[in-house]
Trainee: 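What follows is a single structure, and I will ask about it in a moment.
Order of appearance sets the numbers: ligands from 1, and atoms from 1 within every ligand.
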Amino acid sequence: MPSPRHAEISGAGFAGLTVATALAQKGWSVRVHERSAELRAEGAGIVLWGNSLQVLDRLGATPDLESRAMHSPAYETRMNNVIRSQEKLEGIRWISVTRPHLYATLLTAARESGVEIISGSEVTGATPEGRIDFADGTSAEADLVVGADGVGSAVRDSLGIPLKRERSRDGITRFLVPRHKAELQQLEPDTEWDNYIDFWNIEPRVLRVLYVPCNDEEVYIALMAPVSDAQGSKVPIDLALWTENFPHLTPVLEEAAKLHGRYYGYQTTRVDHWTEGRVAIIGDAAHAMCPALAQGAGCSIHNAWTLATEATKASNDQLPEVLREWERLERPITDRAQDRSQYYADTRQMAQGNQFAGDVVETALYNPTDPHRHEVNV
Ligand code: FAD
Ligand code: 3HM
């Protein structure tokens with residue numbers, strides 16, 4: 001038996017764990033370096049669509065993931081607490097989960113596939129020839145190096161890949177809190193509190209609460225306000241402001257007020273290219289996007305899968321060329337998801353409701369595991 005090919009990966013986020021697991025399951029020896037001392041996910045909840053769920057199916061992670069996930073009956077949009085739409089999203093696969101649960105699921109899949117994960121290991125850079133460098137002054141050689149080290153990627157920056165960052169006018173503070181379903185039901189008996197509900201207020205003031213049940217006990221709430229609104233973007237949150245504008249959400253807002261939270265200003269980063277020699281960058285390192293369409297992690301997971309698949313098909317000599325071809329084929333759909341998410345964030349058009357049709361669902365319906373996906377139908 002020839003010895004397996006070796007991959008070194010920077011970052012144990014959703015992208016890094018996915019590519020590591022996929023490569024290990026395809027016969028590679030894989031080592032992941034995580035700068036943090038602890039392996040855990042930051043943030044609160046997350047929505048996943050068909051594109052990433054197809055990958056999680058292939059990794060064998062879906063049963064674990066779905067054991068604690070929410071399939072909401074509808075995606076509801078309200079303006080000043082008046083319903084604008086309740087989209088059933090028929091034919092579109094989607095779930096909401098907590099980030100800690102998605103993370104635990106991916107970590108288990110990675111470990112069960114034989115991936116070695118080293119926490120407290122900071123990567124400082126990589127070379128196109130396949131060398132990865134660490135903050136402790138050591139380095140290692142690999143057939144494939146993956147920069148999955150997030151929006152501030154050291155791998156990307158060490159290669160000098162040009163990048164443009166655009167900031168939007170709004171931002172959000174995320175919380176995972178107990179659902180208080182009975183109290184909410186009492187405040188508004190006619191509401192289906194299992195729905196995903198996007199509560200917008202534009203007039204007289206731009207404030208929005210995204211209400212995303214993740215399971216029977218936990219709801220992800222995201223409080224949006226313009227960057228220029230010091231009171232709306234303050235952490236810990238100004239409880240009086242939020243309950244005055246969203247009185248029907250008081251029980252969950254009171255829970256959010258007990259937590260510190262971090263206000264995150266929406267941003268998009270566009271890089272010149274995703275690969276250089278034996279190095280590929282994936283996830284937020286390559287394409288951080290506004291969360292409007294909830295596809296940042298989705299694209300990270302689906303690009304991680306396609307990278308692992310294409311790299312495995314390539315001979316070792318062909319690898320740099322195969323990585324360039326991978327970018328040429330896979331990048332356009334992610335670029336379009338980034339553009340649309342930025343457009344929705346900048347225009348606040350999600351507030352109109354009835355959004356999930358046509359081009360908007362292109363990414364959600366994409367199947368990165370279909371080997372015929374790039375064939376042109378004539
Ligand atoms: P990260 O999660 O940033 O992981 C990078 C990892 O690399 C981290 O663990 C970090 O510690 C480590 N690291 C960094 N530097 C180094 C280094 N030098 N050496 C070693 N390790 C390093 N996406 C969705 O699909 N659905 C949603 O509903 C959704 N909602 C969102 C809501 C908000 C408000 C935001 C901000 C984002 C949202 N996203 C969503 C996007 C999603 O969170 C990200 O796209 C995704 O987490 C990116 O994963 P990643 O693994 O690329 O990066
Ligand atoms: C799931 C989700 N959807 C939209 C946003 C947003 O517009 O900020 C954030 C989310 O986590």
Trainee: Do the rings of His248 and Phe199 sit parallel, tilted or perpendicular, given the 30° and 60° boundaries?
Mentor: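 Plane angle between 30° and 60°, so tilted.
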
Trainee: Begin with the C-alpha distance, continue with both residues' side-chain angles, and end with the deciding distance and a verdict on salt bridge (Lys or Arg N to Asp or Glu O under 4.0 Å) for Glu255 and Lys258.
Mentor: CA-CA 5 Å; Glu255 292 284 354; Lys258 295 180 198 161; 3.2 Å; yes

Trainee: If you measure from CE on Met289 to OG1 on Thr334, what distance do you get to the nearest 0.5 Å?
Mentor: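 The OG1 atom of Thr334 is 6.0 Å from CE of Met289, to the nearest 0.5 Å.
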
Trainee: For ligand 1, which part of Ala148 has a heavy atom less than 4.0 Å away: the side chain, the backbone, both, or neither?
Mentor: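 Only the backbone of Ala148 comes within reach of ligand 1.
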
Trainee: Report yes or no: does Gln338 contribute a side-chain atom to a donor-acceptor pair with the main-chain N or O of Thr269 at less than 3.5 Å?
Mentor: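 The answer is yes, because a donor-acceptor pair under 3.5 Å joins these two groups.
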
Trainee: Within a distance under 4.0 Å of any heavy atom of Glu122, pick out the atoms of ligand 1 and give their elements.
Mentor: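 Once the distances to Glu122 are compared, the set is 18 (N), 19 (N).
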
Trainee: Indicate yes or no: does Asp229 engage Arg169 in a salt bridge with an N to O separation below 4.0 Å.
Mentor: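 No, Asp229 and Arg169 are not salt-bridged.
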
Trainee: Considering non-hydrogen atoms of the protein only, which is the closest contact for atom 47 (O) of ligand 1, and what is the distance?
Mentor: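 The closest heavy atom on the protein side is Phe14 CD1, 3.6 Å.
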
Trainee: Can a non-hydrogen atom of Gly152 be found less than 4.0 Å from any atom of ligand 1?
Mentor: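 The answer is no: ligand 1 sits nowhere under 4.0 Å from a heavy atom of Gly152.
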
Trainee: May I ask which of Gln267, Arg99, His302, Met289 has a heavy atom nearer to atom 39 (N) of ligand 1 than the others do?
Mentor: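 It is Arg99 that holds the nearest heavy atom.
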
Trainee: Can you list the steps and then say if Arg179 with Asp194 is a salt bridge (Lys or Arg N to Asp or Glu O under 4.0 Å)?
Mentor: CA-CA 10 Å; Arg179 283 193 60 181; Asp194 279 351; 2.8 Å; yes

Trainee: Checking the N or O distance criterion of under 3.5 Å, is ligand 1 in contact with Ile172?
Mentor: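 There is no such contact.
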
Trainee: Measuring from each atom of ligand 2, which residues have a heavy atom under 4.0 Å away?
Mentor: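 Within 4.0 Å of ligand 2, the protein residues are Val47, Ile172, Tyr196, Arg208, Leu210, Tyr220, Tyr266, Pro291, Ala292, Ala294.
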
Trainee: Looking only at distance, does Val123 have an N or O less than 3.5 Å from an N or O of ligand 1?
Mentor: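 Yes, at least one N or O pair falls under 3.5 Å.
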
Trainee: For Ser36, counting its heavy atoms only, list the atoms of ligand 1 lying under 4.0 Å from any of them.
Mentor: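 In order of numbering, the contacting atoms are 11 (O).
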
Trainee: Using distance alone, determine whether Arg35 and ligand 1 share an N or O pair under 3.5 Å.
Mentor: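 Yes, at least one N or O pair falls under 3.5 Å.
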
Trainee: Between the side chains of Glu141 and His6, does any donor sit under 3.5 Å from an acceptor?
Mentor: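 No, no side-chain donor-acceptor contact under 3.5 Å.
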
Trainee: Backbone or side chain, does any N or O of Arg174 fall under 3.5 Å from an N or O of ligand 1?
Mentor: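 Between Arg174 and ligand 1, no N or O pair is found under 3.5 Å apart.
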
Trainee: Just jot down the side chain to side chain contact (heavy atoms under 4.5 Å, CB included) partners of Thr191, sequence neighbours excluded, or say none.
Mentor: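 Per chain and number, Thr191 pairs via side chain to side chain contact (heavy atoms under 4.5 Å, CB included) with Arg78, Glu188, Trp193, Ile197.
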
Trainee: Is Gly283 close to ligand 1, meaning an N/O of one under 3.5 Å from an N/O of the other?
Mentor: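 Such a contact does not occur with ligand 1.
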
Trainee: Quick one: side chains of residues 42-49, donor-acceptor pairs under 3.5 Å with protein atoms, not counting sequence neighbours, listed by atom name and distance.
Mentor:
{"residue": "Trp49", "atom": "NE1", "partner": "Ala294", "partner atom": "O", "Å": "3.1"}

Trainee: Of the side chain and backbone of Ser121, name the one, both, or neither that has a heavy atom under 4.0 Å from an atom of ligand 1.
Mentor: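 Ser121 to ligand 1: backbone contact only, side chain stays beyond 4.0 Å.
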
Trainee: Please determine if Tyr220 has a nitrogen or oxygen closer than 3.5 Å to a nitrogen or oxygen of ligand 1.
Mentor: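 No - when backbone and side-chain N and O of Tyr220 are compared with those of ligand 1, no distance drops under 3.5 Å.
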
Trainee: Thr18 and Trp305: side-chain donor and acceptor closer than 3.5 Å?
Mentor: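 No, Trp305 and Thr18 have no side-chain donor paired with an acceptor closer than 3.5 Å.
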
Trainee: Under 3.5 Å between any N/O of Ala297 and any N/O of ligand 1: does that happen in this structure?
Mentor: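 The answer is yes, given that Ala297 and ligand 1 share an N or O pair closer than 3.5 Å.
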
Trainee: List the closest protein heavy-atom neighbour of atom 51 (O) of ligand 1: residue, atom name, distance to the nearest 0.1 Å.
Mentor: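 Here the nearest protein heavy atom works out to Ala15 N, 3.0 Å.
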
Trainee: Starting from atom 2 (O) of ligand 1, find the nearest protein heavy-atom neighbour and note its residue, name and distance.
Mentor: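 Nearest neighbour among protein heavy atoms for atom 2 (O) of ligand 1, to 0.1 Å: Gly13 CA, 4.3 Å.
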
Trainee: With atoms numbered from 1 as shown, which atoms in ligand 1 lie under 4.0 angstrom from a non-hydrogen atom of His33?
Mentor: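 Ligand 1 atoms under the 4.0 Å threshold to His33: 20 (C), 21 (N).
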
Trainee: Between Pro291 and ligand 1, which residue portion shows a heavy-atom distance shorter than 4.0 Å: side chain, backbone, both, or neither?
Mentor: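 For Pro291, the contact with ligand 1 is made by the side chain alone.
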
Trainee: Regarding Asp133 and Thr124, do their side chains bring together a donor and an acceptor under 3.5 Å, going by distance alone?
Mentor: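 The criterion, which ignores hydrogens and geometry beyond distance, is not satisfied for Thr124 and Asp133.
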
Trainee: Do me a favour and list the nearest non-hydrogen protein atom to atom 3 (O) of ligand 1 with residue, atom name and distance?
Mentor: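 It is Gly150 CA, 3.6 Å.
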
Trainee: Nearest 0.5 Å, please: how far is CD1 in Ile161 from CD in Glu276?
Mentor: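 Rounded to the nearest 0.5 Å, the CD-CD1 separation comes out at 5.0 Å.
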
Trainee: Please test Arg324 against Glu310 for salt bridge (Lys or Arg N to Asp or Glu O under 4.0 Å), starting from the C-alpha separation and ending with a verdict.
Mentor: CA-CA 10 Å; Arg324 283 195 295 276; Glu310 298 311 310; over 6 Å; no

Trainee: Do the numbers put Lys234 on top of the ring of Trp242, so that NZ or CZ is under 6.0 Å from the six-membered ring centre and no more than 45° off the axis?
Mentor: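 Judged by the rule (NZ or CZ under 6.0 Å from the ring centre, within 45° of its axis), Lys234 is not positioned above Trp242.
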
Trainee: Quick one: look up the protein heavy atom nearest atom 8 (C) of ligand 1 and list residue, atom name and how far away it is.
Mentor: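 The protein heavy atom lying closest is Glu34 OE1, 3.5 Å.
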
Trainee: Any atoms of ligand 1 less than 4.0 Å from a non-hydrogen atom of Ala154? List them with their elements.
Mentor: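 Listed by number with element: 18 (N).
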
Trainee: Among Glu362, Arg93, Gln295, exactly one meets side-chain hydrogen bond (donor to acceptor under 3.5 Å, both in side chains) together with Asn51. Which residue is that?
Mentor: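 Per the side-chain hydrogen bond (donor to acceptor under 3.5 Å, both in side chains) rule, the option paired with Asn51 is Gln295, out of Glu362, Arg93, Gln295.
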
Trainee: Show me which atoms of ligand 1 lie under 4.0 Å from any heavy atom of Gln295.
Mentor: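 Matching atoms, with element in brackets: 24 (C), 25 (O).
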
Trainee: Among all protein non-hydrogen atoms, which one is nearest to atom 28 (O) of ligand 1, and what is the separation to 0.1 Å?
Mentor: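 For this ligand atom, the closest protein heavy atom is Val47 N, 3.0 Å.
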
Trainee: Does anything in residues 104-113 form a side-chain hydrogen bond (donor to acceptor under 3.5 Å, both in side chains)? List the pairs, not counting sequence neighbours.
Mentor: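 Residue pairs with at least one partner in residues 104-113: Gln25-Ser113.
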
Trainee: Hey, does Ala294 come in under 3.5 Å of ligand 1, counting only N/O atoms on both sides?
Mentor: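 Looking only at distances, the answer is yes, because the N/O contact criterion of under 3.5 Å is met.
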
Trainee: Examine the proximity of ligand 1 to Tyr264 and report which part, side chain or backbone, both or neither, has a heavy atom under 4.0 Å away.
Mentor: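 For Tyr264, the contact with ligand 1 is made by the side chain alone.
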
Trainee: Is it the case that atom CZ in Arg40 sees more than 12 heavy atoms from other parts of the structure closer than 6.0 Å?
Mentor: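 Open: at most 12 neighbouring heavy atoms sit under 6.0 Å from CZ of Arg40.
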
Trainee: So, taking the atom named CD1 in Ile9 and the one named CG in Leu144, what distance separates them when rounded to the nearest 0.5 Å?
Mentor: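 Interatomic distance, Ile9 CD1 to Leu144 CG, rounded to 0.5 Å: 7.0 Å.
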
Trainee: What protein heavy atom lies closest to atom 27 (C) of ligand 1? Include the residue and the distance to one decimal.
Mentor: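 Checking every protein heavy atom, the shortest distance to atom 27 (C) of ligand 1 gives Ile46 CG1, 3.4 Å.
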
Trainee: Identify the closest protein heavy atom to atom 49 (O) of ligand 1: which residue and atom is it, and at what distance?
Mentor: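 It is Ser300 OG, 4.1 Å.
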
Trainee: Please tell me if the side chains of Thr306 and Arg373 come closer than 4.5 Å, counting only heavy atoms from C-beta onward.
Mentor: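 They are in contact (side-chain heavy atoms under 4.5 Å apart), so the answer is yes.
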
